[in-house]
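Here's the structure we're looking at; comments come further down.
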Amino acid sequence: LARIQPVGGKLSSLLKMIGRTIEGFMGVHHAGWVDDLTMPFFRMSEIPDDEDAVVVEEAGHFCLSYIEYQEKDLLPIVYDTNKVFGEDTSLMRPMGLYEKSIKEILEGKQYGAARTSSAFAAVDDVTIWPGQKITITSFYGRADSITDLPIIARRITQGGFATYKLSRARA
């Protein structure tokens with residue numbers, strides 16, 4: 001996804017009215033260990049509301065991805081929009097990928113605070129031979145808390161989960 005919005009109050013109308021201000025409340029948090037980019041959690045620091053009390057936002061969105069038949073190995077997620085698109089604010093051309101490889105982006109620092117983030121599954125080392133293919137499976141969703149994310153990840157990485165969900169969606 002070129003842009004992923006976090007959860008938080010009456011976000012839809014606020015993004016239309018004061019979008020740049022709302023970005024100040026946005027952040028990317030990680031459910032895994034330090035420097036683990038496989039379980040990003042996109043949420044607001046608090047519910048942006050015109051009330052006399054501050055309400056901390058616990059819910060958020062997530063992106064979890066893996067290569068088909070390698071379900072146990074979650075892929076890292078590139079969430080820094082500037083790393084992918086560079087100066088192209090239309091998000092039409094990945095100018096950042098002309099300057100750096102996926103591996104270089106993953107090894108560098110990504111910035112996810114106070115801005116609208118992206119959510120791209122990153123495969124940095126793969127060889128695809130003629131006639132061969134790979135399938136990247138991604139799940140996007142909402143969780144009530146960042147502590148739910150490892151549980152969700154364990155569930156979707158069980159063999160056959162994506163096939164089961166696809167068959168249910170087509171039924």
Quick one, [X] and [Y] - any side-chain contact, counting heavy atoms below 4.5 Å?
X	Y	answer
Val123	Leu75	yes
His30	Asp36	no
Glu46	Glu57	no
Met44	Ile22	yes
Leu91	Arg3	yes
Met95	Glu87	no
Met39	Leu74	yes

Under 3.5 Å, is there a donor-acceptor pair between the Ser145 and Glu58 side chains?
no
Measure the spacing between [atom1] of [X] and [atom2] of [Y] and express it to the nearest 0.5 Å.
X	Y	atom1	atom2	value
Phe85	Ser90	CZ	OG	8.5 Å
Gln110	Ser118	CD	OG	9.5 Å
Cys63	Phe120	SG	CZ	9.5 Å
Ile67	Lys72	CD1	NZ	15.5 Å
Lys100	Glu107	NZ	CD	10.0 Å
Thr147	Phe41	OG1	CZ	8.0 Å

What are the two closest heavy atoms between [X] and [Y], and how far apart are they?
X	Y	answer
Ala119	Tyr140	O-OH, 3.6 Å
Thr157	Glu71	CG2-O, 3.0 Å
Tyr66	Asp73	CB-O, 3.6 Å
Tyr79	Phe42	CB-CE2, 3.9 Å

Answer yes or no: is there a donor N or O on one side and an acceptor on the other, between the side chain of Asp88 and the main chain of Arg93, under 3.5 Å?
yes
Is the backbone of Thr116 close enough, under 3.5 Å, to the side chain of Thr81 for a donor and an acceptor to pair up by distance?
yes
Count the heavy atoms belonging to other residues, nucleotides or ligands that lie under 6.0 Å from OH of Tyr98, then report whether that count exceeds 12.
yes
Below 4.0 angstrom, N of the basic side chain to O of the carboxylate: do Asp80 and Lys109 qualify?
no
Any idea how Phe139 and Phe161 line up, ring-wise: parallel (<30°), tilted (30 to 60°), or perpendicular (>60°)?
tilted
Testing Val78, Ile77, Ile4 one by one against Pro40 for a side chain to side chain contact (heavy atoms under 4.5 Å, CB included), which residue passes?
Ile77
